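From a predicted model like this one, the values you see are computed outputs, not experimental measurements.
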Amino acid sequence: MVHTLYKLCVRGRLTISDCDGLHFTPRGQKERGLLALLAFAPEKTRSRVWLCDKLWSDRPQDQAFASLRRCLCNIRQSAGNHADFIVGSRNDISLANTVTVDEGDPDKTDLLLLEDLHVKDPEFDDWLRSIRQIDDPDKPPKLLPIPQQIIRSDTPEVEIRLIEVLRPTGSEETFLQSFLTDNLSAQMMSQGDGLNITRYAYGAPVPDTKQGTIDVSVESLNTQGIWRVNLRATTGPSRAFLWSGALSLEMHFETICSGPKMGAFVAQAVSSIFHAYLRQRDKIQTPFMQLQSAIARLYSGRASDIGQALTDLDQLPDAGIHYAWRAYGRLTHILELADRDPHLIEEAEALARIALAKAPDNPVIKALAAQIFLKLSGDPDYGIYLADQAFMLREQDPYVLHSLSQARFFQSDRRASLRMAHLARENAIMLPHAFVWDMQSALSEIGQHNITDAKALALKAHMKMPTYRPAIRYLTIIALLENDMKALNQYTVRLRQLEPGFEIKHLLDPLYPVQTLRMTGLHNELRV
């Protein structure tokens, strides 16, 4: 019989002590994080590779192993004569059999598991979030109250000036240049609240550039039947470079106005300009900047990033687009983390309705809200209506096309869904989170039972963002359908890293977020 010599407490603050109550808890966050990982491990043992992945996921393997050795040395030094409580071999690290892990009673206290741990690694954050959810699955996530104002009143918002630097030589060029600037302006305005956009026709006097101003020079001309566009964005009095791009299209109105190339060019320009601007002014946080940062976190696929994005979105001041992204953030949490908490579903629908009431003519708001009602509220007809309305407002926006593709899928018009998904993907191809549109195309291909094409698109999404869960889930499903055991094992292992406790049978759970699988009837073909 093994006697308990040491007690490791993991509720509230992590502590380790001997049988006399003498504490020898290490001070470092990584050191305590290592003890936490071992405390919840099967048989209190983990491989060195697994531990490195959770504590030093951003480092090369040799550096991670060196950091693990230093961390283990620090733990033993802090333990002194009690260093035998932790055991290391060439491949594994374990807590000794003389260590008892005390998890406390969650029903008798409000203390969280490991509430004092702040290990700076996204993989550890994912693991910690999952452990806390398992500890108390019925407790709704704690959402921060929305403060009235989080930005200093003297913080400048973004001033954008669209400046035509060439005079159009004919009515056709005049129309097309106006069409271009209209699209640029609309796309920019739909990205966030607090943007002030001014357009200057050729020859109009342009005031001196101020700090924080973005100038976008617009040039277009028709030469030998080819319409050529050049955009160049600079910022501030020094005209610091942000982005430049060029587009050449045959002088054919339908091709230019309805084809995907103009929409993709505008989406790329807006995304690239704003991201370059945010990098240059990362010390100043306006609501617009905080919104863009939160959106980027939402699409990372990491549970810790999604949680932080929800917090950041809830801190933004009142605006229609902010409410829309708050609603979409909850949808992302529900689907990415397979957490259909009824509180979150109610919040998502309520926030979407507020966003629509505040800005009823914003196509991005309608598109984001459409997905809430299609996927969560049990009112897909309203979601279809919103997607159609968004498309009427702006036909080439990738977010609008994304929601319209989903709406057509819910209407069982799978061909239209596939067509819209591919068009959306073409418009979004230069966006930093283009993998989302890759995955929507993959799902639409599944709707047509085009498994080979779906696999190629899901693999593209996975390669662009390895932590994006929908891609891994459907690659797992496709491996099952194709009876590819090697691929099945590969994707199952990766999914378990993101969703501890995942089992293949979960794919058949009606609440597991693989709605397309069920809607196409392919779940009946899975041999689980």
Query raised in the report: Taking only residues two or more places apart in sequence, or in another chain, which ones meet Arg232 in a salt bridge (charged side-chain N to carboxylate O under 4.0 Å, His left out)?
Result: none
**Report entry** Parallel, tilted or perpendicular: rings of Trp243 and Phe265 (30°, 60°)
**Finding:** tilted
Requested in this report: Decide yes or no on side-chain contact (heavy atoms from CB on, under 4.5 Å) for Leu344 and His333, but give the supporting numbers first.
Outcome: CA-CA 9 Å; Leu344 283 177; His333 175 100; 3.2 Å; yes
Query - Gap separating the CD1 atom of Ile365 from the CG atom of Leu386, nearest 0.5 angstrom - result: 11.5 Å
Report task. Calculate, to the nearest 0.5 Å, the distance between atoms CD and CG belonging to Gln29 and Leu14 respectively. Result -> 9.5 Å
**Report entry** Close side-chain approach of Asn196 and Ile160, heavy atoms under 4.5 Å
**Finding:** no
Report summary line: Heavy-atom closest pair (Glu336 atom, Pro470 atom, distance to 0.1 Å) is OE2-CD, 3.3 Å
**Report entry** With Ala471 via side-chain contact (heavy atoms from CB on, under 4.5 Å) - residues at least two apart
**Finding:** Met439, Ala461, His462, Tyr468
Report task. Determine, using ring centers only, whether Phe124 and Trp56 are less than 6.0 Å apart. Result -> no
Requested in this report: Enumerate the residue pairs fulfilling salt bridge (Lys or Arg N to Asp or Glu O under 4.0 Å) with a member in residues 201-212, sequence neighbours excluded, ordered by first and then second residue.
Outcome: none
Query raised in the report: If we ignore angles and hydrogens, is there a donor and acceptor under 3.5 Å between the side chains of Ser403 and Gln371?
Result: no
Requested in this report: Starting from the C-alpha separation in whole Å, work towards a yes-or-no answer on side chain to side chain donor-acceptor pair (under 3.5 Å) for Gln497 and Arg494.
Outcome: CA-CA 5 Å; Gln497 291 174 340; Arg494 185 59 182 140; 2.5 Å; yes
**Report entry** Heavy-atom check, side chain of Thr235 versus side chain of Thr213, under 4.5 Å
**Finding:** no
Query raised in the report: Quick one: do Arg161 and Asp215 make a salt bridge, cutoff under 4.0 Å?
Result: yes
Query raised in the report: Are the side chains of Tyr328 and Leu351 in touch, meaning some heavy atoms are under 4.5 Å apart?
Result: no
Query raised in the report: Do Val400 and Glu395 have side chains that get closer than 4.5 Å, going by heavy atoms?
Result: no
Query raised in the report: Got a donor-acceptor contact below 3.5 angstrom from the Thr332 side chain to the Leu298 backbone?
Result: no
Query - Donor-acceptor contact present, side-chain Lys366 to main-chain Pro360, <3.5 Å - result: yes
Query raised in the report: Does a side-chain N-to-carboxylate-O contact under 4.0 Å join Glu349 and Arg353?
Result: yes
Requested in this report: Check Leu337 against Ala303 and note the closest heavy-atom contact, atom names and distance.
Outcome: CD2-CB, 3.8 Å
**Report entry** Set of salt bridge (charged side-chain N to carboxylate O under 4.0 Å, His left out) partners for Arg199, sequence neighbours left out
**Finding:** Asp182
Query raised in the report: How close do Ile372 and Ala327 get, heavy atom to heavy atom, and via which atoms?
Result: CD1-O, 3.4 Å
Query raised in the report: In terms of ring plane angle, is the pair Trp437 and His402 parallel, tilted or perpendicular, where the classes change at 30° and 60°?
Result: perpendicular
Query raised in the report: Can a salt bridge be assigned to the pair Arg408 and Asp413 using a cut-off of 4.0 Å between side-chain N and carboxylate O?
Result: no
**Report entry** Derivation and outcome, side chain to side chain donor-acceptor pair (under 3.5 Å), residues Gln440 and Ser405
**Finding:** CA-CA 8 Å; Gln440 178 59 30; Ser405 172; 3.0 Å; yes
Query raised in the report: Should we count CZ of Arg13 as having more than 12 external heavy atoms under 6.0 Å?
Result: no
Requested in this report: Answer yes or no: is there a side-chain heavy-atom contact under 4.5 Å between Ile163 and Val216?
Outcome: no
**Report entry** side-chain contact (heavy atoms from CB on, under 4.5 Å) assessment of Thr198 paired with Leu162
**Finding:** CA-CA 6 Å; Thr198 308; Leu162 303 179; over 6 Å; no
Query - Which residues share a salt bridge (charged side-chain N to carboxylate O under 4.0 Å, His left out) with Asp53, sequence neighbours left out - result: none
Report task. Compare all side-chain heavy atoms of Tyr399 with those of Val436 and state whether any distance is below 4.5 angstrom. Result -> no
Query raised in the report: Which atoms form the tightest heavy-atom contact between Gly329 and Leu313, and what is the distance?
Result: CA-CD1, 4.5 Å
Query raised in the report: What do you reckon, is NZ of Lys460 surrounded by more than 12 foreign heavy atoms closer than 6.0 Å?
Result: no
Query raised in the report: Under 4.5 Å between any side-chain heavy atoms of Tyr323 and Leu316, yes or no?
Result: no
Requested in this report: Go through the steps for Gln315 and His322 under the test side chain to side chain donor-acceptor pair (under 3.5 Å), then give the verdict.
Outcome: CA-CA 10 Å; Gln315 290 177 334; His322 297 164; over 6 Å; no
Report summary line: Rounding to 0.5 Å, atoms CZ (Arg394) and CG (Asn183) come to a distance of 7.5 Å
Query - Contacts of Glu499 that satisfy salt bridge (charged side-chain N to carboxylate O under 4.0 Å, His left out) - sequence neighbours left out - result: Arg469, Arg473
**Report entry** Closest contact, heavy atoms only, Ala355 versus Ala324
**Finding:** CB-N, 3.4 Å
Query raised in the report: Run the side-chain contact (heavy atoms from CB on, under 4.5 Å) check on Leu291 and Asp312 step by step: do they pass?
Result: CA-CA 8 Å; Leu291 174 62; Asp312 292 345; over 6 Å; no
Query - Distance (rounded to the nearest 0.5 Å) between Leu180 CG and Ser185 OG - result: 11.0 Å
Report summary line: d(Phe502 CZ, Thr476 OG1) to nearest 0.5 Å is 5.5 Å
Report summary line: Rounded to the nearest 0.5 Å, the CD atom of Gln389 sits from the CD1 atom of Ile384 at a distance of 13.0 Å
Requested in this report: Applying side-chain contact (heavy atoms from CB on, under 4.5 Å), run through Gln406 and Lys375 and close with a yes or a no.
Outcome: CA-CA 9 Å; Gln406 295 181 6; Lys375 297 178 180 179; 3.0 Å; yes
Requested in this report: Measure the acute angle between the ring planes of Tyr382 and Phe373, then classify it against the limits of 30° and 60° as parallel, tilted or perpendicular.
Outcome: perpendicular
Requested in this report: Taking all heavy atoms of Leu517 and all of Tyr474, pick out the closest pair and write down the distance.
Outcome: N-OH, 3.3 Å
Query raised in the report: Do Arg330 and Glu347 sit within salt-bridge range, that is, some charged N less than 4.0 Å from a carboxylate O?
Result: yes
Query raised in the report: Within a strict 4.5 Å, meaning less than it, do heavy atoms of the Leu418 and Arg414 side chains meet?
Result: no
